[in-house]
Amino acid sequence: MRGVAFRGNSLAEVIDYPDIEPGPEQVLVKLRSSGLCGSDLRRYRGETPNENNGQLIRPGHEPCGEIVALGPGVIGLQIGDRIIQHHYEGCRECEYCLTGWQQLCEVAEKKEYYGGSMHGGHGDYMVVHQSTCVTLPDEVDYEVGAYLACGASTAFQALKKLDVSGRDVLAVFGQGPVGLAATMFGTEMGARVIAVDISQERLGTAADSGAWATIDASNGDAPEQIRELTHGDGADASLEAAGLAETRVAAVESTRIFGRTCLVGEGGEVTFQPTPHIIHRHLTLLGSWTFSTFGLAEAARYTAERNVPLASVITSRSTIEEAPEAYREFSSGAPGKFVINWE
């Protein structure tokens, strides 16, 4: 079978991997679409190959496909089922695993990450545990399912934490794939969304995706611009999806008294001034990391039932053989969502 390998220093190639069969409680998934995610770039740009204990590991943690074989003891799944794969696996017995949050597994040695510690979705097939399979609604195509497998559902989970509704002005900092999904979902939830970025191309996509207003933050004055749009009050809620110190501070400063801010973008550091930024403004500061299997299923159903046009964010489609070039373009900062598709 064909699959992507990260060799280190921004070098990806397509190689032959051994054919695979599912073991007990596992299924074999034929990939139909696999998304590229910003968090993949750490492994892609790293100085060493993407390996675990000396074994080369296929990347890709946004898999979506069709079950084509069942291992012994599989319950509740059938050959032909269309699934989104939740890319974490834990002990399957602790409180967090049983509630669908396997990434929070309490047994450290049992925590696995598809595309990191285990083979991921950038290959023709992958073997996954049955507990990681979430049904893809018939109304949702495979490449949108791949988008939901990480980026889009991460945005959905954060908006649920923020309790976004038609009462709110919502500021979304960063209009990459996660931020654009937040703009789309937030608009569907009834909020007036202010999209913030430094890229005119991304802001144009955000406007096309339903943003009520867009702000070019190149001059560092996003909080002032947001207050101008909100009669001096600030946004009711803000979501930070860029993972930068300056955008995190700006998201907090842009939010009104008694408002809510959710940090989603990972990495880096930030310094807040607790008294003026948070305490004296009665700010609710939240963090949100991915989602549970139940949250993934909810996001997929919401997308299907509301016909949320996530497909409009997908700007690059490649075959598995074209994946190295797709990664080069993606790594350069090209906007939109990138997916690898199989017929």
Side-chain angles (χ1 to χ4, degrees), residues 27 29-35 37 61-67 74-89 96-104 114 121 128-168 170 172 177-191 193 209-210 237 239 241 262 264 286 288-314 337 339 341:
V27 300
V29 177
K30 180 176 177 56
L31 271 295
R32 298 298 189 183
S33 188
S34 183
C37 178
H61 63 270
E62 298 187 344
C64 193
E66 177 186 356
I67 294 176
V74 170
I75 298 173
L77 296 171
Q78 298 179 355
I79 292 175
D81 284 353
R82 304 167 73 243
I83 63 103
I84 313 171
Q85 200 264 336
H86 190 252
H87 50 279
Y88 305 101
E89 186 178 331
Y96 296 112
C97 286
L98 292 175
T99 54
W101 291 95
Q102 295 201 67
Q103 63 268 49
L104 301 178
Y114 289 86
V128 303
H129 191 266
Q130 62 181 0
S131 65
T132 68
C133 296
V134 173
T135 299
L136 177 68
D138 291 339
E139 302 90 339
V140 179
D141 64 29
Y142 284 114
E143 61 183 24
V144 171
Y147 190 8
L148 285 162
C150 182
S153 297
T154 292
F156 185 82
Q157 171 69 29
L159 294 175
K160 283 198 66 183
K161 282 194 173 184
L162 284 168
D163 194 26
V164 168
S165 74
R167 302 185 303 271
D168 295 321
L170 168 70
V172 179
V178 174
L180 283 170
T183 294
M184 281 193 172
F185 282 133
T187 298
E188 181 61 34
M189 292 172 183
V193 178
S209 299
L239 185 153
C262 188
V264 176
L286 302 163
S288 190
W289 178 41
T290 59
F291 42 85
S292 68
T293 50
F294 301 104
L296 176 55
E298 182 182 8
R301 289 195 305 270
Y302 189 93
T303 300
E305 293 169 359
R306 303 298 186 97
N307 196 27
V308 181
L310 293 177
S312 65
V313 177
I314 300 173
K337 183 65 182 173
V339 294
N341 287 340

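The chain is numbered in sequence order, starting from 1.
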For Tyr114, which of Glu89, Glu62, His86 qualifies under side chain to side chain donor-acceptor pair (under 3.5 Å)? Glu89
Output the distance between atom [atom1] ([X]) and atom [atom2] ([Y]), rounded to the nearest 0.5 Å.
X      : Y      : atom1 : atom2 : result
Met184 : Leu159 : CE    : CG    : 13.0 Å
Asp81  : Leu136 : CG    : CG    : 10.5 Å
Leu296 : Arg301 : CG    : CZ    : 10.0 Å
Asn341 : Ser33  : CG    : OG    : 4.0 Å
Met189 : Lys160 : CE    : NZ    : 8.0 Å
Ile67  : Gln85  : CD1   : CD    : 10.5 Å

Do [X] and [Y] make a side-chain contact, defined as non-hydrogen atoms from C-beta onward lying under 4.5 Å apart?
X      : Y      : value
Thr290 : Thr154 : yes
Thr187 : Ser209 : no
Cys262 : Val264 : yes
Gln102 : Cys97  : yes
Phe185 : Thr303 : yes
Leu180 : Pro177 : no
Pro63  : Val29  : no
Trp289 : Leu104 : yes

Residue pair [X] / [Y]: nearest heavy atoms and the distance that separates them:
X      : Y      : result
Ile75  : Gln130 : N-OE1, 2.8 Å
Val172 : Ala182 : CG1-CB, 4.0 Å
Val140 : Ala300 : CG2-O, 4.1 Å
Ile83  : Cys133 : CD1-SG, 4.1 Å
Leu31  : Gly121 : CG-O, 3.4 Å
Ala152 : Leu310 : CB-CD1, 4.0 Å

Before you tell me yes or no, could you show the steps for Thr99 and Ser292 under side chain to side chain contact (heavy atoms under 4.5 Å, CB included), namely the whole-Å CA-CA distance, both residues' side-chain angles and the distance that decides it to 0.1 Å? CA-CA 7 Å; Thr99 54; Ser292 68; over 6 Å; no
Given Thr132 and Thr293, is the side chain to side chain contact (heavy atoms under 4.5 Å, CB included) satisfied, shown in steps? CA-CA 7 Å; Thr132 68; Thr293 50; 5.8 Å; no
How are the rings of Tyr302 and Phe156 set to each other: parallel, tilted or perpendicular (split at 30° and 60°)? tilted
Whether His87 and Phe291 hold their rings parallel, tilted or perpendicular, with breakpoints at 30° and 60°: perpendicular
Which is it for Tyr147 and Val339 under the side chain to side chain contact (heavy atoms under 4.5 Å, CB included) test, yes or no, and what are the steps along the way? CA-CA 8 Å; Tyr147 190 8; Val339 294; 5.8 Å; no
Can you check whether Cys150's main-chain N or O pairs, donor with acceptor, with Ser153's side chain at less than 3.5 Å? no
Whether the side chain of Arg82 engages the backbone of Pro137 through a donor-acceptor N/O pair (distance < 3.5 Å, no angle test) should be reported. yes
